[in-house]
Undergrad: 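After the structure tokens below, expect a handful of questions from me.
Lettering of chains follows the sequences in order, A, B, ..., and the numbering in each one begins at 1. Please read all numbers here as calculations on a predicted model, not as lab measurements.
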2 protein chains.
Amino acid sequence: MVDFAPPPITLEDVARHAGVSKATVSRVVNRNYGVSEPLRQRVMQAIQALGYQAERPAHRLRGAAGEIVGVIVPDIQNPYFTTVVRGIDDLAHSYQLSVLLCHTGDHPAKQDAYIRMMMMERVAGLILAPSFGITRDPLQQLAQFGTPVVLIDRSVSHLRFDTVIVDNVQGAYQGVRHLIDQGCQRIAFVGGDLQLSPGRERLAGYQQALADHDLPSDPALIRIEHFSVESGRRLTRALLNRPQPPDAIFAASNSLSMGVLKAVREAGSRIPADLAVVGFDDVPWADDLFIPLTTVTQPAYEVGQEAVRMLLRRHSEPAAPVRTVTLPTALTIRESCGAARRAENVRTG
Amino acid sequence: MVDFAPPPITLEDVARHAGVSKATVSRVVNRNYGVSEPLRQRVMQAIQALGYQAERPAHRLRGAAGEIVGVIVPDIQNPYFTTVVRGIDDLAHSYQLSVLLCHTGDHPAKQDAYIRMMMMERVAGLILAPSFGITRDPLQQLAQFGTPVVLIDRSVSHLRFDTVIVDNVQGAYQGVRHLIDQGCQRIAFVGGDLQLSPGRERLAGYQQALADHDLPSDPALIRIEHFSVESGRRLTRALLNRPQPPDAIFAASNSLSMGVLKAVREAGSRIPADLAVVGFDDVPWADDLFIPLTTVTQPAYEVGQEAVRMLLRRHSEPAAPVRTVTLPTALTIRESCGAARRAENVRTG
DNA sequence: TTGTAGGCGTTATCAT
DNA sequence: ATGATAACGCCTACAA
């Protein structure tokens with residue numbers, strides 16, 4: 001068993017080949033400042049000839065700013081985070097930054113481990129969608145290290161970091177009000193994880209909308225578990241089995257929405273005839289569901305981009321005050337809310 | 001504007017604090033071999049007290065095997081790749097490997113750039129879903145560098161690398177035969193990118209199934225563009241507008257399937273009454289579409305895991321012969337193929 | 001068992 | 001405009 005790998009070509013090899021010093025080659029590689037044209041040519045040729053590739057770890061070791069931005073998300077299969085990551089990735093790469101991506105499955109322990117790893121990698125910055133139960137320590141350590149940190153999606157009150165979130169209260173309010181506008185009276189809330197700020201804020205938006213329109217808030221209609229398909233399904237099943245079932249459901253996440261839809265279909269109820277549904281957070285296939293889903297749409301891609309921008313800004317102004325950017329949501333009206341039906345009724349009647 | 005970042009804690013700091021040499025600390029950090037218990041204690045305490053974090057770049061520079069595995073996929077928003085990445089990620093992290101993820105948008109130039117970046121990062125290995133138009137050069141360079149490379153999803157004939165693929169021919173055959181079993185006679189093929197092996201092989205499976213069942217292969221029913229929703233929609237529209245439209249469509253990817261569904265609904269045709277549909281590649285929401293989609297299911301998660309295993313194997317046996325692992329597909333029967341309808345007919349009749 | 005010293009590939013400082 | 005040289009933080013012979 002032979003190892004065919006030839007020794008990597010180093011700066012020194014290039015220097016020897018071109019008959020110059022390491023310093024000169026380094027200068028050519030980095031900026032063209034202070035090197036004569038003929039020499040530059042010779043060096044470039046040598047680089048070509050040998051197929052030289054700079055070694056980033058050494059580069060970093062020497063104190064150069066890292067070229068990697070770390071990203072930690074709870075779930076890489078959730079289309080919301082996928083889109084966020086896409087936004088991060090596109091902008092980061094336009095700045096020649098690589099993306100080191102990890103997902104935690106919402107396990108606090110895994111998350112801590114990855115944060116530590118990011119630190120060991122000496123990443124240029126970290127974009128984190130914090131899990132429930134995040135501890136102050138690892139992040140604080142990172143920050144004291146001088147590494148910019150940007151929190152996304154979920155704000156953590158006891159953590160003072162730059163943050164990019166969406167207006168969850170307003171988004172939920174918007175969705176629920178739309179349901180009220182359709183004439184719904186008994187609107188249920190299927191939510192998840194109140195330990196997470198989106199969970200809390202979306203519930204608050206729901207309650208606010210109810211209050212503002214003089215609708216009673218029935219605790220029996222408020223069901224909370226986790227942001228998962230299975231939770232959505234289970235909670236909806238319970239809701240539908242009540243003596244007096246709701247006439248609408250507001251689902252607080254895309255996973256929950258899918259669960260709600262499953263349960264409704266299984267129960268044989270019809271949307272929106274028997275039950276109107278509005279979900280928080282769009283999904284790419286919302287139009288193609290058995291009932292096109294009306295959703296509160298988050299600007300996920302923009303969240304990612306904004307996070308990168310904040311990272312960069314913090315990098316140039318390390319001592320600037322901590323900032324939170326709140327992006328607006330939009331309502332995408334499809335059919336599950338009953339709007340189309342009502343419109344039809346208007347026409348028909 | 002002040003920079004509050006304190007200088008990072010180094011091995012040397014720990015050594016000083018513990019009153020030992022750098023070597024001893026290093027030994028404690030790496031393996032416990034050859035360090036007396038009392039000293040080990042002292043060192044550990046110092047590490048705790050100072051909050052020491054090893055610096056990976058320096059570690060790597062010193063010749064340690066890289067702890068990062070690079071992953072390059074064409075599209076991080078495609079649920080197929082998302083699942084593959086998840087498989088990679090889960091297994092990689094269980095081996096203490098980090099994942100450096102990039103997506104290329106199927107741009108050959110971007111892809112080349114990222115491969116070069118992986119090389120500069122000195123990744124421990126690279127898992128790549130190659131874009132169309134991949135050039136031999138950058139990969140070859142990586143390989144000569146001694147970096148293990150594993151190709152996934154798409155095999156590239158002129159590239160001799162370890163590869164993990166699925167049995168596309170068999171999968172397509174399976175899907176089309178199922179359509180034939182339902183009594184379909186004029187089965188159209190909506191495909192994409194014949195430059196990519198999945199594109200070619202799925203077409204081959206389709207043709208093979210037709211031939212084996214004495215069905216004529218009508219060139220007018222074979223439509224090829226790209227693996228995208230828009231292509232699926234456009235091609236299906238054209239198919240439906242023919243004087244003699246097909247009675248079934250086999251869609252060669254998940255994106256194409258979604259496009260087919262959109263076009264069919266827009267045209268007002270009914271599935272499976274007017275047209276049966278089977279798609280290649282499952283999607284998590286297949287059950288919840290306006291017509292539950294029958295699909296040929298790829299073991300995406302396993303593809304990712306197997307890729308990591310091959311990487312690791314190659315790492316321990318650099319000179320082993322190049323291997324290709326082909327994973328089987330499965331048929332998930334839902335409703336779009338007409339199977340449910342037929343069953344119903346049987347009962348009713 | 002522990003310490004000393006050299007080098008990994010790069011960049012920055014200081015001469016020339 | 002160039003070149004020699006000293007770090008950067010870590011690991012590992014080798015020496016004690």
Undergrad: Which is the 5'-most and which the 3'-most nucleotide of DNA chain C that has an atom under 4.0 Å from a heavy atom of chain B?
TA: dT1(C) to dG9(C)
Undergrad: Name all residues meeting the salt bridge (charged side-chain N to carboxylate O under 4.0 Å, His left out) criterion together with Asp153(B); count only those two or more places apart in sequence or in a different chain, and write none if there are none.
TA: none
Undergrad: Please enumerate all residues that pass side-chain contact (heavy atoms from CB on, under 4.5 Å) together with Pro74(B), with sequence neighbours excluded.
TA: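 side-chain contact (heavy atoms from CB on, under 4.5 Å) list for Pro74(B), sorted by chain: Phe81(B), Thr104(B), Asp106(B), Ala129(B), Arg154(B).
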Undergrad: Anything under 4.0 Å to a heavy atom of chain A counts; send over the first and last such nucleotide of DNA chain D, read 5' to 3'.
TA: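 Listed 5' to 3', the contact boundaries are dA1(D) to dG9(D).
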Undergrad: Just to verify, what does Arg314(B) make a salt bridge (charged side-chain N to carboxylate O under 4.0 Å, His left out) with, not counting sequence neighbours?
TA: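 Partners of Arg314(B) under the salt bridge (charged side-chain N to carboxylate O under 4.0 Å, His left out) test: Asp162(B).
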Undergrad: Using the ring pair (Phe, Tyr, Trp, His ring centres under 6.0 Å) criterion, which residues pair with His59(A)? Sequence neighbours excluded.
TA: none
Undergrad: Name the residue from Glu55(B), Glu67(B), Glu121(B) that meets the side chain to side chain donor-acceptor pair (under 3.5 Å) definition with Arg60(B).
TA: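 For Arg60(B), the side chain to side chain donor-acceptor pair (under 3.5 Å) check succeeds only for Glu67(B).
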Undergrad: Looking at residues 37-55 of chain A, who's got a heavy atom less than 4.0 Å off DNA chain C?
TA: Tyr52(A), Ala54(A), Glu55(A)
Undergrad: Sequence neighbours left out, what pairs pass salt bridge (Lys or Arg N to Asp or Glu O under 4.0 Å) with at least one residue falling in residues 79-103 of chain B?
TA: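 The answer is Asp75(A)-Arg86(B), Arg86(B)-Asp90(B).
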Undergrad: Within residues 19-30 of chain A, which residues have any heavy atom lying less than 4.0 Å from an atom of DNA chain C?
TA: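 Nucleic-acid contacts, sorted: Lys22(A), Ala23(A), Ser26(A), Asn30(A).
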Undergrad: Quick one: ring pair (Phe, Tyr, Trp, His ring centres under 6.0 Å) pairs with a partner in residues 91-122 of chain A, sequence neighbours left out?
TA: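 Qualifying pairs, neighbours excluded: His93(A)-Tyr114(B), Tyr114(A)-His93(B).
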Undergrad: Going by the side-chain contact (heavy atoms from CB on, under 4.5 Å) test, name the single residue among Leu50(A), Val20(A), Thr24(A), Val29(A) that passes it with Val14(A).
TA: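 Result for side-chain contact (heavy atoms from CB on, under 4.5 Å) with Val14(A): Leu50(A).
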Undergrad: Note down the inter-axis angle between the two ends of the helix from dT1(C)-dA16(D) to dT16(C)-dA1(D), five pairs each, to the nearest 10°.
TA: 40°
Undergrad: Output all residues satisfying side-chain contact (heavy atoms from CB on, under 4.5 Å) with Ile165(B), sequence neighbours left out; order by chain, then residue number.
TA: Ser155(B), Thr163(B), Thr324(B), Thr326(B)
